[in-house]
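Take a look at the structure set out below.
All residue numbers refer to positions in the sequence shown, counting from 1. All ligand and atom numbering here is 1-based and tracks the order in the structure.
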Amino acid sequence: MTIDSLSHPTQQVLIVDDEVINLKVLSNLLRDEASIILAKSGKQAIRKARELRPDLIILDIKMPEMDGFETLSELHQLPQTAAIPVIFITGLSDEHYEEKGLLLGAADYIFKPFHPGIVKARVHTHLQLVRQRTMLEHLANCDSLTSLANRRYYKKILTREWINAIQNKQPVSLAIFDIDNFKHYNDEFGHDAGDHLLCQVSSILASQFDQEPLLISRFGGEEFVALMPTFGQPKARQLIEQSVKQVSDHTNVTISAGGSSCIPNDTTSSSTLFSKADKALYVAKGRGKNCVVWSEEHFV
Ligand SMILES: Nc1nc2c(ncn2[C@@H]2O[C@H](COP(=O)(O)OP(=O)(O)OP(=O)(O)O)[C@@H](O)[C@H]2O)c(=O)[nH]1
């Protein structure tokens, strides 16, 4: 995973209605605004929303089996769909239902029969809000020079993955990369060339860690942290060694890495994992750089 996976180039709207004619009318109306996904029931909507992560959901309320209120409640309970805004479009025009829908967390409530222009305008506004939110998230979580995840985002994901690992009794590995002799590179070629090199190294690392659940982040300066949830030491170490080799094969510099692995429990802390990796990095630098040291070799 890189930070780019947080944004989606074309916005998608999921329309949910048990009446095919309503699905047709709404998709014709909104196809200029976004690409359209259709669902004919609450259950189907939840499945598609989990899989496709649309930017906005337009939800009918009166549907057999699972009504719109139940569908919204379930969407809000799932981590993959909890933040997707939902607009109710419904024949239930009683204010009591409108209040219920908004209190459940709907972004908007539109009565049927609807005025096409008003629906279009409201959908347009909500999609614009989603774009603005995505942009803010991107700015908050992304390193502006390299476009990698920043330290703030890394910490957020580390907290989440640490809890997951405890619950599922799975390993977590972490490695810190540091560019070797970068001060010398800056002094020799200038700060702009140094920036360019940081971007080059970042893009090589991003290509090595582009699969879920991996995360590569710029921790600061010329230091990068790779988080490898579910990876035990052998698999993690192999990936880190491969990354170090890729940088030395494709740039004018080398990098060193220190790694550490554990199966977290209630008594272990992620900062211990980090400090073990940091100490291993120090050892790697002392061994002549351009190499990987894993903490177990030196710190049990
Ligand atoms: N161009 C550029 N340089 C940076 C940036 N952030 C940190 N640096 C430089 O990175 C260099 C890090 O130097 P040191 O900490 O001495 O490490 P080093 O020269 O790589 O030495 P070793 O870590 O022992 O291999 C400093 O010169 C910083 O100015 C940045 O965003 N752009």
Side-chain angles (χ1 to χ4, degrees), residues 1-7 135-158 173-210 214-228 236-261 270-299:
M1 175 176 43
T2 59
I3 203 78
D4 285 338
S5 52
L6 293 175
S7 56
M135 199 173 79
L136 282 176
E137 277 173 1
H138 192 76
L139 289 172
N141 294 325
C142 178
D143 173 57
S144 59
L145 176 67
T146 63
S147 293
L148 291 185
N150 61 18
R151 186 171 178 155
R152 181 178 179 276
Y153 187 70
Y154 152 76
K155 287 200 164 168
K156 193 167 107 182
I157 301 301
L158 174 66
S173 291
L174 184 149
I176 308 170
F177 295 104
D178 185 289
I179 300 178
D180 298 326
N181 311 315
F182 191 47
K183 184 177 180 324
H184 175 74
Y185 190 93
N186 268 329
D187 292 346
E188 181 88 7
F189 302 107
H191 208 267
D192 285 351
D195 280 358
H196 180 70
L197 182 83
L198 278 170
C199 295
Q200 247 187 309
V201 170
S202 299
S203 99
I204 291 170
L205 294 179
S207 71
Q208 298 295 306
F209 295 89
D210 65 343
L214 303 170
L215 176 74
I216 182 74
S217 60
R218 184 181 182 202
F219 196 73
E222 74 324 356
E223 264 193 354
F224 303 88
V225 174
L227 180 65
M228 295 163 281
R237 189 174 177 149
Q238 192 188 13
L239 181 58
I240 299 307
E241 277 171 356
Q242 183 182 303
S243 306
V244 167
K245 185 170 182 319
Q246 286 290 316
V247 171
S248 101
D249 285 352
H250 295 104
T251 68
N252 295 330
V253 289
T254 60
I255 58 172
S256 301
S260 184
S261 305
S270 60
S271 50
T272 306
L273 185 71
F274 186 91
S275 77
K276 282 184 174 191
D278 199 29
K279 284 175 186 162
L281 171 63
Y282 185 76
V283 175
K285 292 278 181 183
R287 277 192 191 170
K289 308 181 181 178
N290 191 23
C291 65
V292 177
V293 172
W294 219 261
S295 72
E296 278 82 352
E297 291 172 21
H298 294 271
F299 317 96

NZ/NE/NH1/NH2 to OD/OE distance under 4.0 Å, Lys289 and Asp178: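 The answer is no: the pair does not qualify as a salt bridge.
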Salt-bridge criterion met for Glu241 and Arg237 (N-O under 4.0 Å):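 Here Glu241 pairs with Arg237 in a salt bridge, since their nearest N and O are under 4.0 Å apart.
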Interfacing atoms of ligand 1 (cut-off 4.0 Å, heavy-atom, [X]):
X: Gly194; result: 1 (N)
X: Asp180; result: 20 (O), 25 (O)
X: Gly221; result: 6 (N), 7 (C)

Aromatic ring proximity Tyr154/Phe219, centre distance under 6.0 Å: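 Under 6.0 Å, so yes.
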Heavy-atom side-chain proximity of Ile216 to Gln208 below 4.5 angstrom: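 A side-chain contact is absent here, since even the closest heavy-atom pair is not under 4.5 Å.
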Sub-4.5 Å side-chain heavy-atom contact between Phe209 and Leu215: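 Result no, sub-4.5 Å side-chain heavy-atom pair not found.
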Non-hydrogen atoms of Ser260 and Ala277 that approach each other most closely: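 Shortest heavy-atom contact: CB-N, 3.8 Å.
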Which segment of Ile179 sits under 4.0 Å of ligand 1 when only heavy atoms are counted: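 The backbone, only.
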Under 3.5 Å side-chain donor-acceptor pair for Trp294 and Ser261: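 A pair is found: one side chain offers a donor N or O, the other an acceptor, under 3.5 Å apart.
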Ser275 versus Asp278, side-chain donor and acceptor atoms under 3.5 Å: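 No, Ser275 and Asp278 have no side-chain donor paired with an acceptor closer than 3.5 Å.
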What protein heavy atom sits nearest [atom], and how far away is it?
atom: atom 30 (C) of ligand 1; value: Leu198 CD1, 3.4 Å
atom: atom 32 (N) of ligand 1; value: Asp195 OD1, 2.7 Å
atom: atom 21 (O) of ligand 1; value: Asn181 N, 3.8 Å
atom: atom 28 (C) of ligand 1; value: Asn186 ND2, 4.2 Å
atom: atom 13 (O) of ligand 1; value: Lys183 CB, 3.6 Å

Sub-4.0 Å heavy-atom contact, His196 with ligand 1: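 No, His196 has no heavy atoms under 4.0 Å from ligand 1.
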Residue selection (non-hydrogen contact nearest atom 31 (O) of ligand 1) among Arg218, Lys289, His191, Glu222: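 Shortest heavy-atom distance from atom 31 (O) of ligand 1: Arg218.
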Backbone or side-chain N or O of Phe182 under 3.5 Å from ligand 1 N or O: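 Between Phe182 and ligand 1, an N or O pair is found under 3.5 Å apart.
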